[in-house]
Amino acid sequence: MLASSTLALPSSNSIAVGIDQHAAAVLRSAERQKQKQETWRAEQAAARELAERKAAEEAARVAAEQAAQAAAATAAAAGASGSSGSGSGESGSGGSDGSGGSGSSGGGRSAFDAGAPDIARTVVNGDITVTQVGSVLDALDVHGRIIVKAANVTISNSIVRGLDSGSKYGLVDNMSGSPGLRIYDTEIAATNPNWTVNGIMGWNFELYRVNIHNTVDQVSIVGGSVVVADSWLHGNVWYADDPDHSDGSHADNIEIIGGDGISITGNTMTDATNSAIQITQDRSRVSNVRIAGNRMDNGDCMINISEKGQGSIAGISVTDNSFGLSGSISHCAVVGPTSTSVALGGNSFDDGALVTVKNG
């Protein structure tokens, strides 16, 4: 798919048919999804309260140890420790190092709070290609794509829309595999989507509190060392006339086609027509995928595992996830071949049904 150099847009009639078919299903489940989101928020609040209590207990223990050490310190040492604090707050809570926290415990935020904060931004018209190591792109409104070709790039507090006339492929592109790409508190959504457009594509990246929507796939992972955390992946677009798929777009919240060491935690994933998480080995072998503490609904089976003739996939764990009831295949949380072992634990359907791996 990526080798295509010419964008072949589908006809307006076929787009309308596809949209009508998908919209009917989305409207039927919208009210149920709203109720499930409220339940999920309450569950997350309870989990945050427990985590905060444990953190407070640990902080008290550490404080007691520090107090004992301070009691033995000299007056000179105490004076020195007080002379270095004047600049302690300069970077602020919204700094590019993600100091606002990388999870629901950071400020008590849930995946539904993911995305760009309401701040002033600099508008950039056109694609940005990043070639400077350590670049920080903060508070931008990008009417284009961000193409990463340097290590240790940070994107924060921004909106990435693609070209107003329509872009191709990943709105954020790390197909170079440049290490250390981190994205915080950012919205990625195509202004003018088409059958080629995904949210982010590549590997060696981390997403924290990112809101991705209005794309075919929100996250396309083609290699290892990836973190997707506390983010909201939703609003997939679907095209009946998709040149890559005779049965229409295979829209996933997260697609994994290769890589080792992939962590997917604390996210909300809905509206996919295929799967919330599709794992294949189309590009390379896949291993060590952790899927924990997420909310998933819609699609066929919500986690779909396919070996693609590359042999069994090692190290897949699916724990403490919540599964909705709106999938087209009843109570299908995970489907995969028996040759790939999946570690399950602590998962639940909304109606309390047992979560198992279906053979397929």
Side-chain angles (χ1 to χ4, degrees), residues 1-2 22 25 169-170 175 195-203 205 207 212-213 215-224 226-228 231-239 242 244-265 267-292 294-318 321 323-324 326-329 332-337 339-342 344 347 355 357-360:
M1 182 180 74
L2 297 180
H22 184 55
Y169 313 133
M175 291 300 289
W195 62 271
T196 72
V197 172
N198 295 325
I200 180 170
M201 300 178 69
W203 74 101
F205 63 79
L207 308 180
I212 310 180
H213 58 102
T215 62
V216 177
D217 295 340
Q218 277 80 54
V219 180
S220 182
I221 300 170
V222 305
V226 171
V227 173
V228 183
S231 293
W232 189 11
L233 313 179
H234 63 111
N236 301 70
V237 294
W238 182 87
Y239 297 96
D242 183 330
D244 285 335
H245 302 287
S246 60
D247 55 347
S249 301
H250 289 192
D252 307 303
N253 298 126
I254 297 177
E255 173 191 50
I256 303 170
I257 64 173
D260 173 76
I262 297 166
S263 175
I264 302 168
T265 61
N267 307 286
T268 294
M269 293 172 275
T270 60
D271 305 328
T273 59
N274 186 50
S275 296
I277 302 174
Q278 173 71 56
I279 303 174
T280 73
Q281 300 187 111
D282 287 332
R283 180 183 175 106
S284 64
R285 296 291 300 271
V286 173
S287 58
N288 298 315
V289 180
R290 176 176 178 248
I291 302 169
N294 303 283
R295 169 68 181 177
M296 288 172 265
D297 204 357
N298 307 118
D300 297 326
C301 294
M302 281 163 256
I303 301 175
N304 190 331
I305 302 167
S306 177
E307 296 174 354
K308 289 296 184 77
Q310 299 295 322
S312 63
I313 301 174
I316 297 181
S317 65
V318 179
N321 299 283
F323 295 95
S326 299
S328 64
I329 301 175
C332 188
V334 186
V335 62
S339 50
T340 287
S341 176
V342 179
L344 294 177
N347 303 291
V355 173
V357 179
K358 291 184 179 290
N359 182 23

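Since the structure is predicted, the reported quantities are computational estimates derived from the model, not experimental observations.
A heavy-atom distance below 4.5 Å is found between the side chains of Ile303 and Ile305. Contact check for Ile264 versus Ile256: side-chain heavy atoms found under the 4.5 Å cut-off. Annotation: side chain of Asn236 is in contact with side chain of Gln218 (closest heavy-atom distance under 4.5 Å). With a 4.5 Å cut-off on side-chain heavy atoms, Ile221 and Phe205 count as touching.
Applying the side-chain contact (heavy atoms from CB on, under 4.5 Å) criterion to Ser341, with sequence neighbours excluded, gives no partner residue. Residues satisfying the side-chain contact (heavy atoms from CB on, under 4.5 Å) test with Val357, not counting sequence neighbours, are Val334, Val342, Leu344. The side chain to side chain donor-acceptor pair (under 3.5 Å) search around Glu307 returns Ser339, Thr340, not counting sequence neighbours. For His213, the ring-ring contact (aromatic ring centres under 6.0 Å, His included) test picks out His234, with sequence neighbours left out. Listed by chain and number, the residues in a side chain to side chain donor-acceptor pair (under 3.5 Å) with Ser275 amount to none (sequence neighbours excluded). Under the side chain to side chain donor-acceptor pair (under 3.5 Å) criterion, Asn274 pairs with Asp252, Gln278, sequence neighbours left out.
For Asn298 against Ser326, the heavy-atom pair with the smallest separation is ND2-CB, 3.5 Å. A pairwise comparison of heavy atoms in Asn359 and Pro337 identifies OD1-CA, 4.0 Å as the closest pair. Contact detail for Phe323 and Met302: the closest heavy-atom pair is CD2-SD, 3.9 Å. Residues Gly259 and Ser284 approach most closely at N-OG, 3.6 Å, considering heavy atoms. Between Trp195 and Val216, the shortest heavy-atom distance links the atoms O-CG2, 3.7 Å. In terms of heavy-atom proximity, Val286 sits nearest to Ile279 at CG1-CG2, 4.0 Å.
If you take CH2 on Trp203 and CE on Met175, they are separated by 6.5 Å, rounding to the nearest 0.5 Å. Atom CG of Asp282 and atom OG of Ser306 lie 7.5 Å apart (nearest 0.5 Å). Here Tyr239 contributes atom OH and His250 contributes atom NE2; the two are 15.5 Å apart, rounded to the nearest 0.5 Å. Interatomic distance, CG of Asn253 versus CD of Glu255, reported as 11.5 Å (0.5 Å rounding). Atoms CD1 and CG, on Ile254 and Leu207 in that order, are 8.5 Å from each other to the nearest 0.5 Å. Remark: Ile200 CD1 to Ile212 CD1 distance equals 6.5 Å, nearest 0.5 Å.
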Inset, instruction - Could you check Asp300 against Ser328 for side chain to side chain donor-acceptor pair (under 3.5 Å), going step by step and ending with a plain yes or no? - result: CA-CA 5 Å; Asp300 297 326; Ser328 64; 2.4 Å; yes
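Looking at Trp232, its side chain never comes within 3.5 Å of a backbone N or O of Thr268 through a donor-acceptor pair. Judged by distance alone, the side chain of Asn294 and the main-chain N or O of Met269 form no donor-acceptor pair under 3.5 Å. Proximity of a side-chain donor or acceptor of Arg285 to a complementary backbone N or O of Gln310 within less than 3.5 Å is detected.
The side chain to side chain contact (heavy atoms under 4.5 Å, CB included) test with Asp217 is passed by exactly one of Asn198, Leu233, Val237: Asn198.
Side chains of Thr270 and Asp297: a donor-acceptor N/O pair is absent below 3.5 angstrom, by distance only.
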